[in-house]
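These notes concern the structure reproduced below.
Positions are given from 1, in the same order as the sequence printed here. The analysis underlying the following values was restricted to heavy atoms, covering all of them including side chains, and did not include hydrogens, waters or symmetry mates. The structure displayed is predicted, hence computed values, not measured ones.
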Amino acid sequence: GQAVNTFAQVTHPVPLMSLQDVFSMEELNDFLLHTQEAVANPEFSVEPKIDGLSVALEYRDGVFVRGATRGDGTTGEDITANLKTIRQLPLTIKGSVPDVLEIRGEVYMSKSDFFALNQKYENEGKKTFANPRNAAAGSLRQLDSKITAERKLSIFAYTWGEVSERVWNSQEDFFNHLKTWGFPTNPLNKLCHSLKEVEENFNRLMEMRADLPYDIDGIVYKVN
C-alpha cells in the first residue's frame, strides 16, 4: 500500500518499564542475595540482553493486530506494517492462546545482515549505518514498509504485557509457550539454580560475546 505520512501514537495498557542496571559482580550478588532473603530457593532466568529495539506485539484471538515501539514506556508508535515484514514474527498463533495476548520482544539486525546492508549502500554511494542497532531502528521507523521489507530484521520474544489470562506460572514456562506459539526465543536463555551457576553462566556468555551473531549490551536476570 501507500507509505504512511506519520506514525499513530499507541498508549501501552501495561507500561514498558526499564530494567535496574548493575555494573559489577558485587552489585549483582547483592540483588541475588536480597532475592534469596525474599524467596525460598529462587531460580534465576538468565537471558542475553539483545542490543536492539523493544516492541509490543498485540494479538487478539490469536491474530496479530498491532505492534508498537516502546517509546517513553507509556506511549509508543504504531509500526504494525513494518513489523509484519519480519519473517520470524507469527501473524497468527495456532492452538490454545489467551484472547488478549501482548508479547514483548527485541527487534535487531544480525551482524552479517548489517555488514551486507552497509556494503550494498556503500556500493550505491549511500550513507551507511554506524552499527546494527541504528540500522534496525532506522528500518523499523521507515514510513514506507517496502523499505523495511528490503532489510533483514530479526526478533527475539522475551516477556509479556497485557494478557486476558496468564496460562504460564514461571518465566521458563512462558518461554515454552512462546516456542509452542511459534515465537523465536534466544537459545542461550538459561535457568540457573544457584549463585554459582549464575556466575559461571555470566563468564561463559562474556567469553562468547564477540562471536555471537548479534550484539548484546548486557545480561538480564529475572526471578523465574
- Going through the checks in order, is the side chain to side chain contact (heavy atoms under 4.5 Å, CB included) test met by Val55 and Leu140? CA-CA 10 Å; Val55 294; Leu140 265 190; 4.1 Å; yes
- Between Lys111 and Ala210, what is the shortest heavy-atom contact and its length? NZ-O, 3.2 Å
- Thr148 backbone acceptor or donor facing Ser145 side chain under 3.5 Å: no
- Does Glu207 pair with Arg209 as a salt bridge, N-O distance under 4.0 Å? no
- Query: Centroid-to-centroid, Phe183 to Phe175, below 6.0 Å?
  - Reply: no
- Message: According to side-chain hydrogen bond (donor to acceptor under 3.5 Å, both in side chains), who are the partners of Asn169, at least two apart in sequence or on a separate chain?
- Response: none
- When clusters are formed by joining ILVMFWY residues with side-chain heavy atoms under 4.5 Å apart, either directly or through shared neighbours, do Val220 and Leu191 land in the same one? no
- Message: With a sphere of 6.0 Å drawn around CD of Glu27, does it hold more than 12 non-hydrogen atoms of other residues, nucleotides or ligands?
- Response: yes
- Task: May I have all residue pairs that pass side-chain hydrogen bond (donor to acceptor under 3.5 Å, both in side chains) and include part of residues 215-224, sequence neighbours excluded?
- Result: Glu43-Asn224, Glu47-Lys222, Lys49-Asp217
- Task: Report yes if some heavy atom in the side chain of Ile103 is under 4.5 Å from a heavy atom in the side chain of Leu178; otherwise report no.
- Result: yes
- Message: Under a 3.5 Å cutoff, is there a donor and acceptor pairing between the side chains of Glu199 and Asn203?
- Response: no
- Should Leu153 and Ile147 be counted in the same cluster of Ile, Leu, Val, Met, Phe, Trp and Tyr side chains packed under 4.5 Å apart? no
- Query: Is the closest side-chain heavy-atom distance between Thr180 and Asn176 below 4.5 Å?
  - Reply: no
- Check whether more than 12 heavy atoms from other residues, nucleotides or ligands sit under 6.0 Å from atom CZ of Arg204, and answer yes or no. yes
- Task: Name all pairs fulfilling the ring-ring contact (aromatic ring centres under 6.0 Å, His included) condition that reach into residues 9-50, sequence neighbours left out, sorted by first residue then second.
- Result: none
Side-chain atoms of residues 85-97: list all donor-acceptor pairs with protein atoms under 3.5 Å, sequence neighbours left out, distances to 0.1 Å.
unit_1, atom_1, unit_2, atom_2, d
Thr85, OG1, Asn82, O, 2.6
Gln88, OE1, Ile155, N, 2.9

- Item | For the student: nearest non-hydrogen atoms of Thr185 and Ala157, plus distance | CG2-O, 3.9 Å
- Closest heavy-atom pair and its distance - Pro42, Thr35: CB-CG2, 4.0 Å
- Query: Does Glu197 use its side chain to pair, donor to acceptor, with the backbone of Cys192 at less than 3.5 Å?
  - Reply: no
- Side-chain contact, heavy-atom cut-off 4.5 Å: Tyr158 with Asn189? no
- Query: Is there a donor-acceptor pair under 3.5 Å between the side chain of Asn134 and the backbone N or O of Ala130?
  - Reply: no
- Min side-chain heavy-atom separation Ile216-Ile50 under 4.5 Å: yes
- Enumerate the residue pairs fulfilling salt bridge (charged side-chain N to carboxylate O under 4.0 Å, His left out) with a member in residues 170-184, sequence neighbours excluded, ordered by first and then second residue. none
- Looking at residues at least two apart in the chain, or sitting in another chain, which of them share a ring-ring contact (aromatic ring centres under 6.0 Å, His included) with Tyr214? Tyr108, Phe156
- Query: Under a 4.5 Å cut-off applied to non-hydrogen side-chain atoms, are Val100 and Arg60 in contact?
  - Reply: yes
- Spell out, as yes or no, whether a donor-acceptor pair under 3.5 Å connects the side chain of Glu106 to the backbone of Leu53. yes
- Any sub-3.5 Å donor-acceptor pair from Gln142's side-chain atoms to Gly138's backbone N or O? yes
- Query: Under the salt bridge (Lys or Arg N to Asp or Glu O under 4.0 Å) test, which residues partner Asp113, sequence neighbours left out?
  - Reply: none
- Derivation and outcome, side chain to side chain contact (heavy atoms under 4.5 Å, CB included), residues Leu117 and Thr128: CA-CA 8 Å; Leu117 179 64; Thr128 57; over 6 Å; no
- So do the side chains of Leu33 and Leu195 get within less than 4.5 Å of each other, counting heavy atoms only? yes
- Query: Could you give the distance from OG (Ser164) to CZ (Arg166), rounded to the nearest 0.5 Å?
  - Reply: 13.0 Å
- Query: Is the shortest heavy-atom distance from the side chain of Met109 to the side chain of Ser139 under 4.5 Å?
  - Reply: yes
- Message: Show me the pairs that pass ring-ring contact (aromatic ring centres under 6.0 Å, His included) and involve residues 67-96, at least two apart or across chains.
- Response: none
- Item | Polar side-chain atom of Lys84 near backbone of Ile79 as donor-acceptor pair, under 3.5 Å | no
- Query: Is the side chain of Arg104 donor-acceptor paired with the backbone N or O of Thr159 at a distance under 3.5 Å, no angle test?
  - Reply: no
Side-chain donor-acceptor pairs under 3.5 Å in residues 63-74, sequence neighbours left out?
unit_1, atom_1, unit_2, atom_2, d
Arg66, NE, Glu58, OE1, 3.4
Arg66, NH2, Glu58, OE1, 3.3
Thr69, OG1, Glu77, N, 2.9
Arg70, NE, Leu16, O, 3.3
Arg70, NH2, Leu16, O, 3.1
Asp72, OD1, Thr74, N, 2.9
Asp72, OD1, Thr75, N, 2.7

- Task: For Arg151, check salt bridge (Lys or Arg N to Asp or Glu O under 4.0 Å) against everything at least two apart and list the hits.
- Result: none
- Item | Other residues, nucleotides, ligands: >12 heavy atoms within 6.0 Å of Lys190 NZ | no
- Message: For Trp160, give me all partners under ring-ring contact (aromatic ring centres under 6.0 Å, His included), at least two apart in sequence or on another chain.
- Response: Trp168, Phe174
- Query: Can you get from Met25 to Leu205 by hopping between Ile, Leu, Val, Met, Phe, Trp and Tyr side chains that sit under 4.5 Å apart?
  - Reply: yes
- Query: Going only through I, L, V, M, F, W and Y residues with side-chain contacts under 4.5 Å, is there a path from Val163 to Val167?
  - Reply: yes
- When rounded to the nearest 0.5 Å, the distance separating OG of Ser54 from CE of Met17 is 13.0 Å
- Message: Show me the pairs that pass salt bridge (charged side-chain N to carboxylate O under 4.0 Å, His left out) and involve residues 117-128, at least two apart or across chains.
- Response: Lys120-Glu124, Glu124-Lys126
- For residues Phe114 and Ala135, report the shortest heavy-atom separation together with the two atoms involved. CD1-CB, 4.0 Å
- Is it the case that one hydrophobic cluster holds both Met206 and Leu28, taking links as side-chain heavy atoms less than 4.5 Å apart, direct or via other members? yes
